[in-house]
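Shown next, in structure tokens, is the structure this report addresses.
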Protein chains: 2
Amino acid sequence: MEQPDEFKKVSMAVIKRLPKYHQCLLNLLKDNVERVSSQKLSKILGFTASQIRQDLNNFGEFGQQGYGYNVSQLYTEISKILGLNTSHKMVLVGAGNLGQALANYTGFSTHGFNIVAIFDSNPKLVGRKIKDISIYHVEDIEYIINENDVDIAILAVPQDKAEKIAIKISKTCIRGIWNFTPKEITVNSDIVVENVHLIDSLFTLSYHINEGKLQERLIKQKRKISLTHR
Amino acid sequence: MEQPDEFKKVSMAVIKRLPKYHQCLLNLLKDNVERVSSQKLSKILGFTASQIRQDLNNFGEFGQQGYGYNVSQLYTEISKILGLNTSHKMVLVGAGNLGQALANYTGFSTHGFNIVAIFDSNPKLVGRKIKDISIYHVEDIEYIINENDVDIAILAVPQDKAEKIAIKISKTCIRGIWNFTPKEITVNSDIVVENVHLIDSLFTLSYHINEGKLQERLIKQKRKISLTHR
DNA sequence: ATATTTATGTTAAAACTATCACAAACGGGG
DNA sequence: CCCCGTTTGTGATAGTTTTAACATAAATAT
């Protein structure tokens, strides 16, 4: 069960913070800041300085006592950790509303994530282009992914088609699926799935809005005498 | 520091799982399943049965020994907890690509979240409609929000405009902001902010894809002798 | 009726995360 | 060259979340 120290798994909590460090360091870099302490990062990010030091130490000793961290160096390191030093080829599956919005969004390509092909089952869309990227029919997806050595598939299809396409994709060289469908995707292979469940996010917001009213209800609830069913 | 038991705060981890319970129970309801045990839910959701029982117990005693949970009743309870028993009025700020995609998406309205107005600063868009919802100029936003008793503002504007609009909005009757801009939003009042940071999500995916290669790098890194700066 | 099975709510333990605290190391000024 | 202030990396500590275990109670079978 015990793993050698060097392979100690980095916790999910840490991983989720990495993009924040990346973003923050990029901003500092743009402002020509040369060095930064965990203290300063703490102020900007709202995490404790201690946590920042521990987070970074999961990946190496990037800092220096009495000096702090070199912004440029740390930025480079975190970029490497996140796999941002190499560019990534993506395909977009589903050219509906959401799909089109994602295709039109340029923010990803500035970080080296480029959509190289779009797929849809609607014959009216096939053959068209969005931002110079051709839309192909889904039946060609396996071939095109393998041929172009694509990394990531963005899933923006209707819910009921998600499973079928995920299975198709899992037989290609794809490494990760960025899933925008509400469906929970399970692929047997070692493909990574990252979910963007908008409804969950909206419901969480709704919960917090509702929280005040809830408190009153809770008290009553807890005092309630359990009733027999039927 | 100690709070009375009844007001014990529900942890974020639990809250994030509530939408999953909601979704799952809706599916069971559709399949006319009358009762369900934590065991069965565990199979479907992939959480442990123990966790499910503990999660639900944060809000009340909804189950019955030897019987389990009544699907319909539990669904209703969780809906109430999430604030889904009443409908919510939303405004969409920003009718760009992402904004249009969100406006066209019908999934929210089936859960009682309705967009009642759209705002943009582009005069070419103002006056048009998306799915029968009018696009107004942003300068009218405060008036329209208050007049219509709007709950939630969806922020889908360019990054640099996010802060300004957030401040505007915070002076209205709005209760929550659903933030799709990469910017971290801070409003002083008791408005709830829920972030959808797509780039973070993509980077997390990239991290996991990159994880294998990283392991090798890590070992070297840890053995590296620290060098002096400059 | 009664026994057996099912399955909850809850307490206790384990696992995981975040924070604290400090020795060790470096930079910079005299 | 040495001292002093700074700031890291890390081991100890505190806090949170998850999992396990079980007493208790209802449902079902006999």
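The figures that follow rest on heavy atoms only: side chains count, while hydrogens, waters and symmetry mates do not. Lettering of chains follows the sequences in order, A, B, ..., and the numbering in each one begins at 1.
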Classify the side chain of B:Q65 versus the base of D:dT24 as yes if they form a donor-acceptor pair under 3.5 Å and no if they do not.
yes
If you compare every side-chain N and O of [X] against the phosphate oxygens of [N] (OP1, OP2), does one of them come in below 4.0 Å?
X     : N      : value
A:Y67 : C:dA24 : no
B:S38 : C:dT8  : yes
B:R35 : C:dA7  : yes
A:Q64 : D:dT8  : no
A:N57 : D:dT8  : no
B:R53 : C:dT6  : no

Taking the side chain of B:Q54 as heavy atoms from C-beta outward, which of D:dG11, C:dT8, C:dA12 is closest to it?
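Side chain of B:Q54 sits closest to C:dA12.
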Ion pair present between A:D200 and B:K16, side-chain N to carboxylate O less than 4.0 angstrom?
no
Residues B:R17 and B:D55 bridged, charged N to O under 4.0 Å
yes
Expressed in angstrom and rounded to an integer, what is the separation of B:L56 atom CG from D:dT19 atom P?
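It is 15 Å, rounded to the nearest whole Å.
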Let me know the distance between NZ of A:K16 and P of C:dT17, rounded to the nearest Å.
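That distance rounds to 13 Å.
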So, for A:F108 and A:W178, is the gap between ring centers shorter than 6.0 Å?
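Ring centres of A:W178 and A:F108 closer than 6.0 Å.
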B:Y69/B:Y21 aromatic ring centres below 6.0 Å
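Not close enough - the centres of the two rings lie 6.0 Å or further apart.
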Identify whether any heavy atom of [X] sits under 4.0 Å from a base atom; if not, whether one sits that close to sugar-phosphate; answer base, sugar-phosphate or nothing.
X     : result
A:T48 : sugar-phosphate
B:Q39 : nothing
A:S50 : base

Mapping A:G66 and A:S11 onto DNA chain C by nearest heavy atom, which one lands closer to the 5' end?
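First, find each residue's nearest nucleotide; the 5'-ward one identifies A:S11.
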